[in-house]
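The next block holds one structure in the form of structure tokens; read it before the comments.
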Amino acid sequence: MVMRMSRPGSMLIRAGAAVIGRKRVGLGLSLASPALRAKGVKVELSSIRPFTSRRKGVQLNVAAAAADVATDVTADLAVQTPAWRASIDFKYIRDHAKEVQANCDARAAVADVNKVVETYDKYLGLLRETDELRQERNQTAAKMKQKLEPNQRATLIEEGKALKVKVAALEADLNQMEAILQTEGQKIPNFTHPDVPTGGEENATLRKLVGSPREFEFPVKDHLELGEALKILDFETASAVSGTKFYYLAGAGALLEIALVAWAMAKVSSRGFLPHTTPDLVRASVLEKCGFQPRMANTQVYSVQDMDLCLTGTAEIPLGGLYADKVVAEEDLPIRLAAFGHCFRTEAGAAGAASKGLYRVHQFSKVEMFVLATAEQSDQIHEELISLEEEMFQDLGLHFKTLDMPSEDLGAPAYRKFDVECWMPGMQRYGEISSASNCTEFQSRRLNIRYRPSAGSEASEDNGGKKGGKAPLKFVHTLNATACAVPRMIIAILENFQQEDGTVVVPEVLRPYLGGMEVISPRQEA
């Protein structure tokens with residue numbers, strides 16, 4: 001089938017002839033769907049011979065094929081409908097457009113608030129128009145039930161048909177407008193805590209400093225040199241097997257990973273976090289709802305070819321998905337969860353000394369904390385999460401600092417984020433080992449996680465209910481924090497507790513999980 005298309009104004013699609021088998025046939029149709037007309041598109045199918053082919057028992061009707069062409073063109077021209085719908089408060093965005101745009105600018109987010117507002121207003125206008133036509137159609141249908149003269153009934157039938165066509169066209173436009181609204185609205189990041197510093201990473205403010213750098217009386221080695229000499233770390237073989245940024249842990253190295261995970265899980269579970277293991281693969285939509293972008297350029301996400309699945313970059317994602325589309329009771333909040341999971345990241349764009357060895361790898365193990373809370377609880381729980389992390393790293397005997405991260409470093413979901421950076425003497429710099437984020441309603445509005453206010457809560461105009469009635473469902477606040485990112489912790493332990501003879505002292509809190517091992521020594525070959 002031959003087609004020619006030109007853009008609005010003179011937009012024209014011609015299908016002149018088709019080749020079916022070895023026969024060239026003309027198409028005797030003219031198509032112009034409402035959706036195409038709405039975009040100024042005219043579809044013409046020239047030549048006047050209908051044709052039905054019967055080959056190998058298959059019927060092919062050219063008219064149907066021509067209709068498929070128009071359908072395909074319509075689909076191509078239409079705005080792609082998002083795979084899921086976020087419960088975004090568009091009314092708030094419209095009423096506070098300048099404030100919302102300023103927040104986007106402070107976070108360096110690529111979002112057009114004016115476009116969202118304009119689209120929302122158009123959407124509301126179409127919705128009103130559609131509702132009015134639906135009401136008119138219902139009134140016409142009601143009249144049809146009355147006793148009528150034949151000519152009156154015929155007139156109402158024609159009116160009903162015309163209204164049906166109009167409503168269908170408006171509903172198509174309404175769906176299109178909602179798709180644009182969701183696409184643009186989902187680009188708007190979370191709000192920002194008023195105490196968050198503005199700007200890039202260099203503007204982070206110091207929250208806490210613990211300890212001081214250890215003074216060495218011998219030349220310091222980095223973790224890569226130490227790990228290879230101890231025969232517990234092997235990047236070379238892993239590179240041949242899996243590619244760059246993969247590694248093997250062997251002997252005490254493998255035991256150290258297991259010990260770190262067991263210690264971290266024991267610590268957080270003693271504080272009321274329910275332990276989980278989670279799937280390593282999740283649906284792309286779940287990942288997107290948590291604020292990650294599997295389809296963008298330079299994505300950090302591995303996607304499975306020809307499947308709607310992605311490898312998780314953090315257990316935060318499957319833990320969030322655990323409560324998707326669920327309603328919990330206010331009395332059950334906060335809900336504290338912890339998970340051991342494998343993390344997979346492409347590390348696109350990562351290069352240089354900062355990515356050396358275990359610091360940036362494609363696969364690693366991590367223990368993650370995740371909390372569902374009310375709006376009134378979330379700030380305090382954020383403080384509890386970062387305090388627990390600080391306590392854990394103090395227990396290991398590490399020197400570190402905690403930072404309040406600036407607006408451009410928050411990503412889309414976080415309302416506020418604290419990072420923990422540990423001194424890594426072999427790398428001669430501080431490196432991030434953990435973070436704790438309060439994402440408020442950003443994720444729950446996408447995952448649709450809500451709670452039912454307690455029986456004592458009454459509705460009011462302020463909370464969206466009718467005065468004196470039951471309070472409406474509310475979105476939970478979600479928080480996440482890293483209890484132990486294994487590779488970064490191994491770096492910190494090897495480099496900070498190395499000895500002059502190349503051995504490494506094991507932190508006391510980990511020794512029970514290593515069978516009493518006090519020192520990591522070079523592995524003896526059998």
Side-chain angles (χ1 to χ4, degrees), residues 86-87 107 189-196 207-208 264-265 267-276 278 286-287 289-292 312-324 326-341 343 366-393 402-407 409-420 432-451 474-485:
S87 296
R107 297 171 72 117
N190 200 354
F191 300 106
T192 308
H193 191 286
D195 292 340
V196 166
R207 167 191 163 91
K208 188 174 185 178
M265 286 295 265
K267 184 76 172 181
V268 299
S269 63
S270 71
R271 300 298 178 87
F273 289 81
L274 180 64
H276 286 73
T278 57
V286 176
L287 197 139
K289 291 172 185 178
C290 289
F292 298 85
T312 59
T314 168
E316 166 196 345
I317 299 164
L319 286 177
L322 189 63
Y323 280 85
K326 292 183 179 179
V327 177
V328 299
E330 182 177 5
E331 293 80 5
D332 294 334
L333 297 174
I335 296 173
R336 294 178 170 88
L337 310 171
F340 162 69
C343 307
K366 182 158 72 86
V367 175
E368 185 78 2
M369 296 178 282
F370 190 81
V371 183
L372 308 179
T374 67
E376 294 75 20
Q377 296 167 341
S378 68
D379 278 342
Q380 180 57 40
I381 289 173
H382 195 202
E383 291 292 332
E384 290 176 14
L385 288 171
I386 190 63
S387 295
L388 177 54
E389 289 179 342
E390 291 168 346
E391 180 183 323
M392 292 175 74
F393 304 138
T402 307
L403 304 172
D404 196 346
M405 300 308 292
S407 56
D409 199 61
L410 297 179
Y415 172 66
R416 191 178 195 181
K417 181 165 76 86
F418 300 133
D419 277 4
V420 181
E432 181 188 343
I433 58 172
S434 184
S435 66
S437 299
N438 184 355
C439 297
T440 61
E441 295 180 356
F442 185 90
Q443 293 175 328
S444 63
R445 283 183 172 272
R446 288 154 174 77
L447 291 164
N448 191 30
I449 310 174
R450 297 172 294 169
Y451 72 91
K474 296 182 179 181
F475 289 101
V476 302
H477 280 203
T478 63
L479 302 95
N480 63 82
T482 301
C484 178

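Heads up: numbering here begins at 1 and tracks the sequence.
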Are any of the side-chain heavy atoms of [X] and [Y] separated by less than 4.5 Å?
X      : Y      : value
Val371 : Thr478 : no
Leu479 : Ser378 : yes
Phe191 : Thr440 : no
His382 : Ile386 : no
Val286 : Phe292 : no
Arg107 : Leu410 : yes
Glu368 : Asn480 : yes
Thr374 : Tyr451 : yes

Just by distance, do the side chain of [X] and the backbone of [Y] share a donor-acceptor pair under 3.5 Å?
X      : Y      : result
Asn190 : Ala412 : no
Arg445 : Ala86  : no
Ser437 : Cys439 : no

Do you know which of Glu441, Glu376, Gln443 makes side-chain contact (heavy atoms from CB on, under 4.5 Å) with His477?
Glu441
Just one of Leu337, Asn448, Val476, Leu447 clears the side-chain contact (heavy atoms from CB on, under 4.5 Å) bar with Tyr323, so which one?
Leu337
Any idea which heavy atoms bring [X] and [Y] closest together, and the distance?
X      : Y      : answer
Glu432 : Ser435 : OE2-CB, 3.9 Å
Gly320 : Ile449 : O-CD1, 3.7 Å
Cys290 : Pro413 : O-CG, 3.6 Å
Ile381 : Ala373 : CD1-CB, 3.6 Å
Met392 : Ala483 : CE-O, 3.7 Å

Evaluate Glu389 against Met369 for side chain to side chain contact (heavy atoms under 4.5 Å, CB included), listing each step before the verdict.
CA-CA 10 Å; Glu389 289 179 342; Met369 296 178 282; 4.1 Å; yes
Sort out for me which residue in Asp404, Asp379, Asp409 forms a salt bridge (Lys or Arg N to Asp or Glu O under 4.0 Å) with Arg416.
Asp404
Would you verify whether the NZ or CZ of Arg446 falls within 45 degrees of the ring axis of Phe442 while also being under 6.0 Å from that six-membered ring's centre?
yes
Would you kindly check if the NZ (Lys) or CZ (Arg) of Arg336 is within the cone defined by 45 degrees around the ring axis of Phe370 and under 6.0 Å from the six-membered ring centre?
no
Should the pair Lys267-Glu391 be classified as a salt bridge under the 4.0 Å nitrogen-to-oxygen rule?
yes
Inspect the contact between Arg450 and Glu330 and indicate whether a charged nitrogen and a carboxylate oxygen are less than 4.0 angstrom apart.
no
In Å and rounded to the nearest 0.5 Å, what is the [atom1] to [atom2] distance from [X] to [Y]?
X      : Y      : atom1 : atom2 : answer
Phe418 : Lys208 : CZ    : NZ    : 12.0 Å
Thr192 : Lys417 : OG1   : NZ    : 13.0 Å
Ser434 : Leu385 : OG    : CG    : 9.5 Å

Any residue meeting ring pair (Phe, Tyr, Trp, His ring centres under 6.0 Å) with His193, in chain and number order, not counting sequence neighbours:
Tyr415
Pair Asp419-Thr402, side-chain donor/acceptor within less than 3.5 Å
no
Assess whether side chain to side chain contact (heavy atoms under 4.5 Å, CB included) is satisfied between Lys366 and Thr482, documenting all intermediate values.
CA-CA 7 Å; Lys366 182 158 72 86; Thr482 301; 3.6 Å; yes
Please identify each residue that fulfils side-chain contact (heavy atoms from CB on, under 4.5 Å) with Ala339, with sequence neighbours left out.
His276, Thr278, Ala315, Leu319
